[in-house]
Amino acid sequence: MAARSEGDGDARMKLFAGVEGKARLAGLFILGAMAARIFGDAVVRAALVVPGNGRETARNIADYPWLYRAGEGADVAMLCGMIVATALLYALFVPTGRTLARMAAVMSLTGIATLAASGLMTMAPPILLDGAPHPGIGTAEVHSLVQLSLALGQAGQGMGRIFIGLYLSLIGLLAFRSGRLPKAVGVGLALGGFSQMAVRSAALIAPDMADATVIQADIVALLAEAAFALSLLIFWRPRPFPARSEADL
C-alpha cells in the first residue's frame, strides 16, 4: 500500500515536471486567478455595491462585513495567482522571444501593482463604517466617503486592466509564434487583450462610455484567457527552441 502511495506521488510530480509541467501549472494558476476575480466582482461586489448610492452600499457592507472581506481576500488571491502565472509564462515563452517576453512580464507586473493599489481603496469602506459616525464626520459624510473610495478603486482597476490587456496581447503573440499551442488560441488571446486595452483606454478618456461596453470587452478577454489556460493544460506540445537571433525578438 505504501508502494502504491509512493507511486501516486511520483506520478503527480511527473505531471508538473519539465516544460509541460510549467505549462500545466501556469494554466492552473490562471484559472485560479480568474475564479477569484469572478467571485470578488460578480458575486461579492455585484451583491453589495449599489452604483451611485453610498447609503445603500454602506448598509449592505455593514450588514454583511464577512462577505465583503471575503471579496477582499479573493482579490489578494487573484493578485498572487497572477504573479505566479506571470513568472511561469515568462519562463515558458522567453525562448520564443526574449524581448517580447520581458515586455509582457513588465506590463503584467505593472498592471498587478496598479490593481493592488486600487485594492487599498476598496478596503476603506469597512474601516470607515466601523464605529461610524466618527468625531467630526457624520453618517452622511461616511456614506459619501464609502462611495468615493469605491469609485476611486474602480478607476484604478480600469487603469490596471489596460496594462493587463496589453500583457494578454503580447502573450497571445508569443503563443502564436511558439508553435506549442493551437494558432487560434494565440490569435484569440491577442485580440481579446487588445479589445480590453482599447475599450478600457477609451473609457478612461471618455468616462461616460456605457458600462455594458466595458463589461463586454472584459468578458471577451476573460473567455480568451480561459481558452488559453485550458490549452496550457491540454494542448501544450514540445517543440525545438528557435535560433538565438529569432528568440531575441
Side-chain angles (χ1 to χ4, degrees), residues 33-83 107-167 195-222:
M34 291 173 61
R37 178 189 175 188
I38 291 171
F39 176 76
D41 287 345
V43 177
V44 175
R45 279 179 282 275
L48 300 181
V49 177
V50 181
N53 194 326
R55 181 180 178 181
E56 288 300 319
T57 299
R59 180 182 298 173
N60 291 338
I61 296 174
D63 288 343
Y64 302 97
W66 59 270
L67 180 59
Y68 191 84
R69 294 191 184 280
E72 293 177 350
D75 290 342
V76 174
M78 175 194 71
L79 296 174
C80 292
M82 291 171 69
I83 291 171
M107 290 300 104
S108 178
L109 294 176
T110 303
I112 291 169
T114 307
L115 292 174
S118 71
L120 295 176
M121 300 304 302
T122 61
M123 290 181 178
I127 299 172
L128 290 168
L129 294 171
D130 187 20
H134 306 286
I137 305 177
T139 302
E141 286 79 8
V142 169
H143 293 167
S144 297
L145 289 173
V146 166
Q147 184 177 348
L148 178 61
S149 64
L150 291 173
L152 290 173
Q154 191 69 22
Q157 264 201 15
M159 186 175 295
R161 289 295 162 189
I162 294 174
F163 292 105
I164 298 300
L166 180 55
Y167 163 68
S195 68
Q196 177 175 268
M197 178 186 65
V199 172
R200 285 285 188 175
S201 298
L204 193 64
I205 299 170
D208 294 334
M209 177 179 287
D211 289 340
T213 305
V214 176
I215 292 172
Q216 288 168 3
D218 284 351
I219 290 175
V220 169
L222 199 67

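No hydrogens, no waters, no symmetry mates; every other heavy atom, side chains included, goes into these values.
Although no hydrogens or angles enter the test, the distance criterion places no donor-acceptor pair under 3.5 Å between the side chain of Gln196 and the main chain of Ile164.
In this structure, CG in Leu129 is found 12.0 Å from CZ in Arg59, a value given to the nearest 0.5 Å. Here the OH-CG distance, from Tyr167 to Leu109, works out to 8.5 Å after rounding to the nearest 0.5 Å. Considering CD of Gln157 and CZ of Arg37, their distance stands at 7.5 Å, rounded to 0.5 Å. Distance check: Arg45 CZ to Leu67 CG gives 10.5 Å after rounding to the nearest 0.5 Å. With values rounded to the nearest 0.5 angstrom, Asp75 atom CG is found 11.0 Å from Leu120 atom CG.
For OH of Tyr64, the number of neighbouring non-hydrogen atoms (other residues, nucleotides, ligands) closer than 6.0 Å is 12 at most. Other residues, nucleotides and ligands place no more than 12 heavy atoms under 6.0 Å from the CE atom of Met159.
Considering all non-hydrogen atoms of both residues, Thr114 and Gly156 come closest at CG2-O, 3.5 Å. Across every non-hydrogen atom of Ser201 and Met197, the tightest pair is OG-O, 2.7 Å. The two residues Asn60 and Ala47 have their closest heavy-atom pair at ND2-O, 4.2 Å. Smallest separation of non-hydrogen atoms from Ala74 and Phe39: CB-CD2, 3.6 Å. Residues Val50 and Glu56 share a closest heavy-atom pair of CG2-CB, 3.9 Å.
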side-chain contact (heavy atoms from CB on, under 4.5 Å) between Tyr68 and Thr122, intermediate numbers included: CA-CA 10 Å; Tyr68 191 84; Thr122 61; 3.9 Å; yes

From CA spacing to verdict: side-chain contact (heavy atoms from CB on, under 4.5 Å), Leu128, His143: CA-CA 9 Å; Leu128 290 168; His143 293 167; over 6 Å; no

Worked check of side-chain contact (heavy atoms from CB on, under 4.5 Å) between Met82 and Leu115: CA-CA 11 Å; Met82 291 171 69; Leu115 292 174; 4.1 Å; yes

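Residues forming a salt bridge (Lys or Arg N to Asp or Glu O under 4.0 Å) with Arg200 (at least two apart in sequence, or on another chain): Asp218.
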Throw together a table of side-chain donor-acceptor distances under 3.5 angstrom for residues 145-154, partners on residues two or more places apart or in other chains.
from, atom 1, to, atom 2, distance (Å)
Gln147, OE1, Gly54, N, 3.3
Ser149, OG, Leu145, O, 3.2
Ser149, OG, Val146, O, 2.8

